[in-house]
Amino acid sequence: MASISVFGIGYVGVVAAACLARDGHDVVAVDIDEAKVDAISKGQSPIVENGLPELIASAVRSGRLTATTSVSDAIAETEASFICVGTPSAPNGAVGTTYVKSVCDSIGSALSSKAAFHSVVVRSTTVPGTTDSVAIPALEAASNKVAGKDFGVGYFPEFLRESTAIEDYDNPGLIVVGAMDDTTANFLTQLNAHLPCDIHTVDIPTAEMVKYTSNTWRAVKVSFANEIGNVAKSAGLDGQRVMQILCSDHKVNMSPYFMRPGFAFGGSCLPKDVRALRHFAKARDVQVPILDAVLEANEAQIARARTMIKEAGVKSAGMIGISFKPGTDDLRESPLAELAARLIEDGIAISIYDPYVHAAYAQNLSAAGRGNDVVPDLGKRLIDGVDALIDGADSLIVGNFYSDTVDQILTAAENKPVIDLTRISKTRISDGHYNGICW
């Protein structure tokens, strides 16, 4: 069992402290607010939360949960510290880091006189880079020690919901561990090993980003559901029933298939249907800012790719994929076709490898090039074979994933620019000649 000091007896801190103590760990709750410390010491909960008063009372009776205002005593008695202080918004909307820095100053000062290795784990919600730019410098300056060597640092986000916090703690949907040293990573992994959830071990900024992505995604879902409900009601329909039916589909609508950063969406359905629902709503005087933003964001992704290619100084490019998705020759509202057309306007010579579109032209099918109304002379730009495409272009644009082209593309990336809009390899991130649109 571990010994852990929890800094900040707010909502997250007190729930974490009580649950850790219940699980058999020795926990010291730390706060500058003497009233909160006194409440814990008396076995009372400083907040209202289902099941928490009983949990705290039991933990205090067992001696596994104590509380103090003394930072030095807490650090001396424990092997790891969890920072659970608040990060309220700054006036400009930025995350507020005043409390995080202050508690790191205090912990760092206490660490300066501690010989044993100690891990400091941030649980407060902070934007990517905050632990590196705020917490670690404060800890190092106050302790006169080196992070990752003389003491450990981690980021361990919480995903608790008020009123169901204890249940969420015991049955998490997500566990993310960010650490700069193996000792801290192993400590957090072992601490959570008994929980029925996979543990994702990543670098600290990624863990910070996952936390913000989770909270923002939940906010987007609420707003999207409200927007659909408003549109449904305007047509005399039950919006909750509509969303209930939608959420029953785990094959497409609730699957992770579309939750994969990359290029813009296209095809014969999504663009026109978003436009149609948007028009339907506005005809009924229903505002749909999320539907508006969907179309704006899709257009912005095409513009982003265009900018990346122009900034790479591309003169001639070989595009791998032109249809709206792999496995089809359908070019209706293909974002890749739109991108190609804009690059041609920019004076860039474009050649294209797309086995399905090429097959349609080679077989002289009546539907060859179906849906294309933007790429001039499409048939003449098609190349039969990815090797020939690579040889004839000074750069590559990967739009659709074809497994039999991956090795050639990765080899080409050693000496010519590759702009990847689909991600041909999960192990590659932007580096040198290779540049991914979202990675």
Side-chain angles (χ1 to χ4, degrees), residues 6-16 30-33 36 47 71 81-109 120-142 147 153-162 165 174 176 178 180 202-227 259 261 287-305 307-308 311 430 437-439:
V6 178
F7 285 78
I9 312 179
Y11 181 79
V12 172
V14 71
V15 171
V30 190
D31 206 291
I32 60 175
D33 188 334
K36 291 182 178 179
I47 66 169
V71 175
S81 297
F82 286 177
I83 295 175
C84 302
V85 297
T87 53
S89 292
N92 65 354
V95 62
T97 59
T98 301
Y99 300 141
V100 172
K101 184 182 183 306
S102 178
V103 75
C104 285
D105 288 338
S106 299
I107 292 173
S109 295
V120 181
V121 179
V122 180
R123 300 211 71 184
S124 303
T125 302
T126 58
V127 296
T130 303
T131 301
D132 289 342
S133 64
V134 176
I136 290 176
L139 289 165
E140 289 185 329
V153 178
Y155 184 80
F156 176 36
E158 52 79 26
F159 301 97
L160 307 178
R161 298 168 296 172
E162 293 193 34
L174 182 62
V176 181
M180 71 179 305
V202 297
D203 57 88
I204 289 174
T206 297
E208 291 172 317
M209 186 64 188
V210 170
K211 170 59 177 176
Y212 265 90
T213 302
S214 173
N215 282 5
T216 304
W217 174 228
R218 281 182 263 174
V220 168
K221 287 190 288 185
V222 170
S223 294
F224 176 76
N226 289 342
E227 195 163 289
M259 300 293 289
Q287 293 186 346
V288 284
I290 291 182
L291 295 185
D292 292 342
V294 167
L295 296 174
E296 292 171 8
N298 206 51
E299 166 59 31
Q301 201 70 344
I302 299 174
R304 177 181 176 86
T307 298
M308 288 173 58
E311 290 180 345
S430 297
I437 190 169
C438 294
W439 50 88

K.L.:
Mind checking what makes side chain to side chain donor-acceptor pair (under 3.5 Å) contact with Ser133, not counting sequence neighbours?
P.N.:
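Ser133: no side chain to side chain donor-acceptor pair (under 3.5 Å) contacts found.
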K.L.:
Passes side chain to side chain contact (heavy atoms under 4.5 Å, CB included), Leu160 versus Val15? Steps please.
P.N.:
CA-CA 9 Å; Leu160 307 178; Val15 171; 3.8 Å; yes
K.L.:
Check Thr130 against Val127 and note the closest heavy-atom contact, atom names and distance.
P.N.:
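So the two residues come closest at OG1-O, 2.7 Å.
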K.L.:
Begin from the C-alpha positions of Met308 and Glu311 and carry the test side chain to side chain contact (heavy atoms under 4.5 Å, CB included) through to its verdict.
P.N.:
CA-CA 5 Å; Met308 288 173 58; Glu311 290 180 345; 5.6 Å; no
K.L.:
Minimum heavy-atom separation for Ala147 to Glu140, with atom names?
P.N.:
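Closest pair (atom of Ala147, atom of Glu140, distance): N-OE2, 2.9 Å.
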K.L.:
Would you please name every residue forming a side chain to side chain donor-acceptor pair (under 3.5 Å) with Trp439, sequence neighbours left out?
P.N.:
Tyr434
K.L.:
For a 4.5 angstrom cut-off between non-hydrogen side-chain atoms, does Phe7 reach Val71?
P.N.:
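Touching, per the 4.5 Å side-chain cut-off.
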K.L.:
Is the shortest heavy-atom distance from the side chain of Ile83 to the side chain of Ile107 under 4.5 Å?
P.N.:
yes
K.L.:
Which residues pass the side chain to side chain contact (heavy atoms under 4.5 Å, CB included) test with Ala94, sequence neighbours left out?
P.N.:
Ala90, Asn92
K.L.:
Could you tell me the separation between the CZ atom of Phe224 and the CD1 atom of Ile290, rounded to the nearest 0.5 Å?
P.N.:
7.5 Å
K.L.:
Does any non-hydrogen side-chain atom of Val288 lie less than 4.5 Å from one of Asp292?
P.N.:
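Asp292 reaches Val288 side chain to side chain.
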K.L.:
Grab the two heavy atoms, one from Phe156 and one from Val121, that are nearest each other, plus how far apart they are.
P.N.:
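Smallest interatomic distance, heavy atoms only, reads CB-CG1, 3.5 Å.
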K.L.:
For Asn226, what residues pass the side chain to side chain donor-acceptor pair (under 3.5 Å) criterion, not counting sequence neighbours?
P.N.:
none
K.L.:
Calculate, to the nearest 0.5 Å, the distance between atoms CZ and CD1 belonging to Arg304 and Ile437 respectively.
P.N.:
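That separation rounds to 6.0 Å.
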K.L.:
What residues form a salt bridge (Lys or Arg N to Asp or Glu O under 4.0 Å) with Asp33, not counting sequence neighbours?
P.N.:
none
K.L.:
Is a side-chain N or O of Tyr11 found less than 3.5 angstrom from the main chain of Arg161, in a donor-acceptor match?
P.N.:
yes
K.L.:
Tell me, please, which residues at least two apart from Pro261 pass side chain to side chain contact (heavy atoms under 4.5 Å, CB included).
P.N.:
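Only Cys438 meet the side chain to side chain contact (heavy atoms under 4.5 Å, CB included) criterion with Pro261.
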K.L.:
Using only atom types and a distance under 3.5 Å, with no angle test, would you say the side chain of Thr87 pairs donor to acceptor with the backbone of Thr125?
P.N.:
yes
K.L.:
How about Ile32: does its CD1 atom have over 12 heavy atoms from other parts shown lying under 6.0 Å from it?
P.N.:
no
K.L.:
For Glu299, I'd like to know if atom CD has over 12 heavy atoms of other residues, nucleotides or ligands within 6.0 Å.
P.N.:
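For Glu299, atom CD is crowded (more than 12 foreign heavy atoms under 6.0 Å).
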K.L.:
Would you say the side-chain atoms of Tyr99 pair up with the backbone N or O of Pro88, donor to acceptor, closer than 3.5 Å?
P.N.:
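Such a contact is absent between Tyr99 side chain and Pro88 backbone.
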K.L.:
Between the side chains of Ser102 and Asp105, does any donor sit under 3.5 Å from an acceptor?
P.N.:
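There is no such pair between these side chains.
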K.L.:
Side-chain polar contacts of residues 207-216 - donor-acceptor pairs under 3.5 angstrom, sequence neighbours left out - could you list them?
P.N.:
| from | atom 1 | to | atom 2 | distance (Å) |
| --- | --- | --- | --- | --- |
| Glu208 | OE1 | Gly129 | N | 2.8 |
| Glu208 | OE2 | Thr126 | OG1 | 3.0 |
| Glu208 | OE2 | Thr131 | N | 3.0 |
| Glu208 | OE2 | Thr131 | OG1 | 2.7 |
| Lys211 | NZ | Glu158 | O | 2.7 |
| Lys211 | NZ | Glu158 | OE2 | 3.3 |
| Thr213 | OG1 | Met209 | O | 2.7 |
| Ser214 | OG | Arg218 | NH2 | 3.2 |
| Asn215 | OD1 | Arg218 | NH2 | 2.9 |
| Thr216 | OG1 | Tyr212 | O | 2.8 |

K.L.:
Taking side chain to side chain donor-acceptor pair (under 3.5 Å) as the test, write out the residues that go with Glu162, two or more places apart.
P.N.:
none
K.L.:
Using atom types as modelled and distance alone, determine if a side-chain donor or acceptor of Asp31 lies under 3.5 Å from a backbone N or O of Ile9.
P.N.:
yes
K.L.:
Side chain to side chain contact (heavy atoms under 4.5 Å, CB included) with Ala225: which residues, sequence neighbours excluded?
P.N.:
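Here the qualifying residues are Met243.
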K.L.:
According to salt bridge (Lys or Arg N to Asp or Glu O under 4.0 Å), does anything in residues 81-98 pair up with another residue at least two apart or in another chain? List the pairs.
P.N.:
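Counting only pairs at least two positions apart or across chains, no salt bridge (Lys or Arg N to Asp or Glu O under 4.0 Å) contact touches residues 81-98.
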K.L.:
Measure across Ala135 and Val100 and return the closest heavy-atom pair with its distance rounded to 0.1 Å.
P.N.:
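Closest approach of Ala135 to Val100, heavy atoms only: CB-CG1, 4.5 Å.
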K.L.:
Per the salt bridge (Lys or Arg N to Asp or Glu O under 4.0 Å) rule, what does the pair list look like for residues 121-139, sequence neighbours excluded?
P.N.:
none
